[in-house]
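The structure under discussion appears below in the form of structure tokens.
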Number of protein chains: 2
Amino acid sequence: MRDPLPGFPGYSLRRAAYATAAELATRLAPLELRQSDLSVLILIGENPGVTASAIGRQLDIQRANMVPLLKRLEDAGRIGREPIDGKSQGLALTPVGRRTLAKGLALVEAFEAELLQRIPAEHRAHLLPALEALWR
Amino acid sequence: MRDPLPGFPGYSLRRAAYATAAELATRLAPLELRQSDLSVLILIGENPGVTASAIGRQLDIQRANMVPLLKRLEDAGRIGREPIDGKSQGLALTPVGRRTLAKGLALVEAFEAELLQRIPAEHRAHLLPALEALWR
DNA sequence: TACCGATTGCTATGAGCGATAGCGATGTGG
DNA sequence: CCACATCGCTATCGCTCATAGCAATCGGTA
């Protein structure tokens with residue numbers, strides 16, 4: 001079948017993103033961890049005491065959408081909240097959260113390394129800079 | 001805030017894909033055309049008489065999800081169906097569909113060219129081959 | 001100090017895309 | 001001829017993201 005779509009960088013970008021996201025999700029599933037959960041855990045781990053709003057801004061997740069995400073992490077005993085003042089709360093990992101983060105991070109790092117391996121060597125180093133130019 | 005995520009190619013890939021998809025969707029909106037609609041129109045335009053199943057296989061869209069998509073295109077008078085045999089139907093563009101395709105395609109090609117321009121010249125040519133290695 | 005605009009966390013809701021399970025009808029190869 | 005694959009379809013669900021609105025609180029300024 002004639003199909004000009006793969007020749008479009010934007011189309012290939014979306015297909016590649018979907019394919020890799022689906023594969024990562026499969027690998028994270030045994031940990032009962034979504035990609036969004038993990039990215040939030042990573043940020044909380046690196047920045048103990050951050051607020052939900054600050055994380056949302058960093059990851060471009062709307063405040064409204066942080067609510068169920070954080071509730072899920074809290075219900076799983078992975079994060080704790082501590083009031084900073086009357087309206088803000090600082091987030092931190094629990095011991096369980098730290099273990100989950102360690103497992104998830106190891107998994108992701110292995111996966112990311114695999115992705116790079118799939119790319120022909122001569123193109124490999126160019127991917128990240130090219131991608132960053134598209135969204136940062 | 002400390003944020004190691006952009007250093008992961010997979011993460012940057014998803015962010016870049018989302019950002020560009022959102023921008024393209026905005027540009028297609030005035031045509032009342034979704035990206036999935038346009039990709040299907042493109043394939044039908046290039047392959048008059050194809051079946052819904054064949055398009056779904058090519059684009060990795062489940063048969064079940066092709067149904068509302070094609071119904072939308074048909075309701076908008078953009079495609080027509082003609083029975084091939086008792087269970088298959090060939091799809092073709094209507095004159096309206098051809099016009100829509102031409103507009104959408106022009107828009108997409110301009111957008112894709114813009115995307116490439118955003119990428120520093122030394123990385124530009126490497127993006128497509130690197131992406132294709134990740135999903136094809 | 002009193003006030004007003006900005007911020008925070010939240011509820012409710014909808015759109016878009018994708019997935020699965022199952023169904024009746026039909027085509028096709030052994 | 002018949003078993004099996006395929007086709008188009010219904011129904012339904014999950015995930016991600018979006019918007020609108022709300023009460024409470026914070027912070028800078030008059």
Nearest whole Å is fine: how far is [N] [atom2] from [X] [atom1]?
| X | N | atom1 | atom2 | value |
| --- | --- | --- | --- | --- |
| A/D60 | D/dC17 | CG | P | 9 Å |
| B/K71 | D/dA11 | NZ | P | 13 Å |
| B/R14 | C/dC17 | CZ | C1' | 17 Å |
| B/L70 | D/dC7 | CG | C1' | 13 Å |
| A/L69 | D/dT16 | CG | P | 8 Å |
| A/D85 | D/dG27 | CG | P | 6 Å |
| A/I84 | C/dT7 | CD1 | P | 16 Å |
| B/I61 | C/dT20 | CD1 | C1' | 17 Å |

Looking only at the side chains, is there a donor atom on one of A/Y11 and A/R15 sitting less than 3.5 Å from an acceptor on the other? yes
Minimum-distance nucleotide (side-chain atoms of [X] versus [options]):
| X | options | value |
| --- | --- | --- |
| B/K87 | C/dT8, C/dG27, C/dG16 | C/dG27 |
| B/N65 | C/dG18, C/dT11, D/dC7 | C/dG18 |
| B/Q62 | C/dA19, D/dT16, C/dC17 | C/dA19 |
| A/A64 | D/dT19, D/dC9, C/dG27 | D/dT19 |
| A/Y18 | C/dA12, D/dC9, C/dG18 | C/dG18 |
| A/R34 | D/dT16, D/dG8, C/dG16 | D/dT16 |

Starting from [Y], can I reach [X] by hopping between I/L/V/M/F/W/Y residues whose side chains sit under 4.5 Å apart?
| X | Y | answer |
| --- | --- | --- |
| A/Y18 | A/F8 | no |
| B/V67 | B/V40 | no |
| B/L105 | B/L43 | yes |
| A/L31 | A/I42 | yes |

Please state whether the phosphate of [N], meaning OP1 or OP2, lies under 4.0 angstrom from any side-chain nitrogen or oxygen of [X].
| X | N | answer |
| --- | --- | --- |
| B/S53 | D/dC7 | yes |
| A/R81 | C/dC10 | yes |
| A/R63 | C/dT7 | no |
| A/S36 | D/dT16 | yes |

Would you find more than 12 non-hydrogen atoms of other residues, nucleotides or ligands less than 6.0 Å from B/E32 atom CD?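 Incorrect, the count does not exceed 12.
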Does atom CD of B/E122 have more than 12 heavy-atom neighbours, drawn from other residues, nucleotides or ligands, at distances under 6.0 Å? yes
The helix from C/dT1-D/dA30 to C/dG30-D/dC1: angle between its terminal axes, five pairs each, to 10°? 20°
Inspect the contact between B/R27 and B/E114 and indicate whether a charged nitrogen and a carboxylate oxygen are less than 4.0 angstrom apart. yes
DNA chain C: A/V67 or A/S88, which has the more 5' nearest nucleotide?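 Nearest-nucleotide comparison on DNA chain C picks A/S88.
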